[in-house]
Q: 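Below you'll find the structure I mean.
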Amino acid sequence: MSSTEPEHTTPEPVEGEHRVAYHRDLDQVTAAVIRLGALACETVPRGTEVLLGGNLADAQALIDGDDEIDRLTVEIEQQCFNLIALQAPMAGELRRLMTIMKVVAEIERSADLMVNVCKAARRMYGSDLTPLIRGVLAAMAREANKMLRLSIDAFADENTSLAMALGDIDDELDELNRDIVEAIFEAHHDGAIELRAAVQLALIARYYERIGDHAVNIGERVNYMVTGWMPEHNGMLRADHRHEFTAEQDDVANGGPDESAAPDGPDD
Amino acid sequence: MEALLGAVVAAITALAGFWFGRRSRQPVPAVAAAATAPEPEPAPVDPVATEPAAPEVGANDVERALADLRLGVVVVAPDGDEVYRNHRAREYATGRHGDALVEAALERVVGGALVGLSLEESVEVYGPPARSFLVQASPTYDGGEPSGAVGVIEDVTEARHNLRVRSDFVANVSHELRTPVGAMSVLAETIAETDDPDVVNRLSRRMQREATRLADTIEDLLALSRLESGPIADPETVDLVSVATMAIERTAERAAQRLVEVEINSDAPVLVDGDQGQLVAAVSNLLDNAIKYSERHSTVEVRVRQIVGASASVGADTLSYSARSRQDRAAPDREARWLAEEKVAELSVFDDGIGIPERDLERIFERFYRVDSGRSRETGGTGLGLSIVRHALLNHRGTVDVDSLEGHGSTFTIRLPVSVAQRQVVGSVEAAVTDEEQARR
């Protein structure tokens, strides 16, 4: 029924009721992803407020709220399965649905990381943080939130230049991660924080840094959705090339093609 | 089409009843999804009864009125299909982030309204920017038959903010006034019951200290109310550099006590029109804070310069990743306009002290707002300093901004229009200097 459908078309009136419903479902799934993204973005300032403000009731609320995010994630995946199975989408639409399935996993994981931040904040409750550490944590939270928002924007607008810029934007977060490790060492050395708190803080910084990485992944997936290409394809080409190269070398060394070495790469 | 418009009018009439009915009742507390019994608005929801009263009002009139409404309004048919959505509500439907969450809440309450429940949900978006919404929906009835639902989205950010500022102010002012009075009363009581001259001596000194504290608070309150009396009647030409110098002199004693060095950094006089006393008071307050919250042996820098408005937004460039306050929610747009067009006199106070937590940045210009009540005890101060700065600058058509990160210090920047005199006399020379500076940046 949809085998003649070219990619990136909006439903035409002649297509009838069935296609209209299908396209409405596609739009709904996209809207649900944006909603999921909004929920996940909210967890970043919310969880940071728990971390820096020390309100444990809010921590529990955020941890409980993650169940809602999980549910929406599962629902979106289910909708994608249904659409793929029942409508047999082609090309761009298939890529969109596959991208959504990948992207929601990244979003869901980001929200999980903020749950981890809340749990870590609970574990180190009562330890006073130095102003320097608080400041860098606040800056990390702001950056992580920004990156997640931008990645959702890139998805919603199908903006590939924004999507591919996320990798560079992430540098800021990586730099802050290095700053906070320094600050933790310094504070612990001065006796301002205990070793227990220092370890938790290092983990928390890592969680924020990971949110940035997930945003970068979302950007790459968005690029794939629109163009069919993502950076991993370059890696794939490099790997293929390396295989060919080593196979050639083996050929030279053995004085002829060697059947056993080819599929699994070099033996050494 | 006629039938559709009819449905819109019916629903809108119901909405009007629903809306004004709600308004006249008690404000609803911010509970998430408080359900009430079905058919909650019995009185004005009968569109048949209201229609003859206003027969000339057509669907177009109502629709136009709704389009300009500051509320988002959505009308839904019994089968869940949307019949009408005004302009404001459409922004949420296509929105992201916070807007997407509002739309999700709307879907939930409208879903409830379609099965006969009146629901409301309050949505707190952390953002940034932080926003608050009230989303509610009610079933509509056409001659006793369910005819769908009406959903309303209200942005209550400003209202919540004002409410919080007001209630915090009342709590804080009573705290600031009551604490010294309470202390003095207890001290006096103790003195009355003791004969030991040592104790009397010590306690009376403490009473003096509390009295000074109270006097300071009252004096600042009076200063603030004088500032609030409006713009300056007869402005004089004032050099911001000499304002800075005077403020440094005024705070020299405290700086010496805390072993903090204050540097001034300026090339040429920067003239503004205004009241020298008010400006010196404002800058002194900024300096006082900078000194108070700096480490011993550190340096506070005051920089005075003239910039072209467009570069004002570049602002403080010392902190690589700091949060910036949106200092004045109610700041009228005209201020932003002069900032963009005119030459701007700018005075910044840089410190590398403890900094200000991000969530407090927006609120530090409120009267008696304390970042940390523990902090104020040891450092003193009335809690009114930054309010005085803000009001002094408002009187000069100026702004005050803060740029800060905990542990990395703070930068307070005041900006005000350059004096008319300076603009006329040395306009061309200054332009060359500023261009050169721009090129360097």
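Only a predicted model underlies this, so the values are computations on that prediction, with no experimental measurement involved. Letters go in sequence order (proteins before strands), and every chain restarts at 1.
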Q: Around atom OH of Tyr125(A), are there more than 12 heavy atoms of other residues, nucleotides or ligands at under 6.0 Å?
A: no
Q: What distance separates Thr94(B) OG1 from Ile34(A) CD1, expressed to the nearest 0.5 Å?
A: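 Going from the OG1 atom of Thr94(B) to the CD1 atom of Ile34(A) covers 9.5 Å.
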Q: Give a yes or no on this: more than 12 heavy atoms of other residues, nucleotides or ligands lie within 6.0 Å of atom CD of Glu82(B).
A: yes
Q: Heavy-atom distances under 4.5 Å only: say whether Glu49(A) touches chain B with side chain, backbone, both or neither.
A: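 Just its side chain gets close to chain B.
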Q: When rounded to the nearest 0.5 angstrom, what is the spacing between NE2 in His408(B) and CZ in Arg134(A)?
A: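 One finds 13.5 Å between NE2 of His408(B) and CZ of Arg134(A).
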Q: Under 4.5 Å from any heavy atom of chain B, what part of Leu52(A) do you find: side chain, backbone, both or neither?
A: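 Contact with chain B is through the backbone of Leu52(A) alone.
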Q: Would you compute the distance between atom CG of Leu405(B) and atom CG of Leu132(A) and round it to the nearest 0.5 angstrom?
A: 8.0 Å
Q: Answer yes or no: is there an ion pair linking Arg46(A) with Glu124(B), defined by an N-O contact shorter than 4.0 Å?
A: no
Q: Let's test your reading of the structure: which of Asn145(A), Thr130(A), Val44(A) forms the most heavy-atom pairs below 4.5 Å with chain B?
A: Asn145(A)
Q: How about CD on Gln60(A), more than 12 heavy atoms from neighbouring residues, nucleotides or ligands closer than 6.0 Å, or not?
A: yes
Q: Enter the distance from Leu39(A):CG to His97(B):NE2 here, rounded to the nearest 0.5 Å.
A: 12.5 Å
Q: Any side-chain heavy atom of Arg142(A) sitting closer than 4.5 Å to one from Glu358(B)?
A: yes
Q: So for Asp153(A), is it side chain, backbone, both, or neither that comes closer than 4.5 Å to the heavy atoms of chain B?
A: both
Q: Taking Tyr126(B)'s backbone N and O only, do any of them form a donor-acceptor pair with Glu42(A)'s side chain (distance below 3.5 Å, no angle check)?
A: yes
Q: Does this structure show an ion pair linking Arg96(B) with Asp157(A), if we count only N-O contacts that are shorter than 4.0 Å?
A: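 Salt bridge present between Arg96(B) and Asp157(A).
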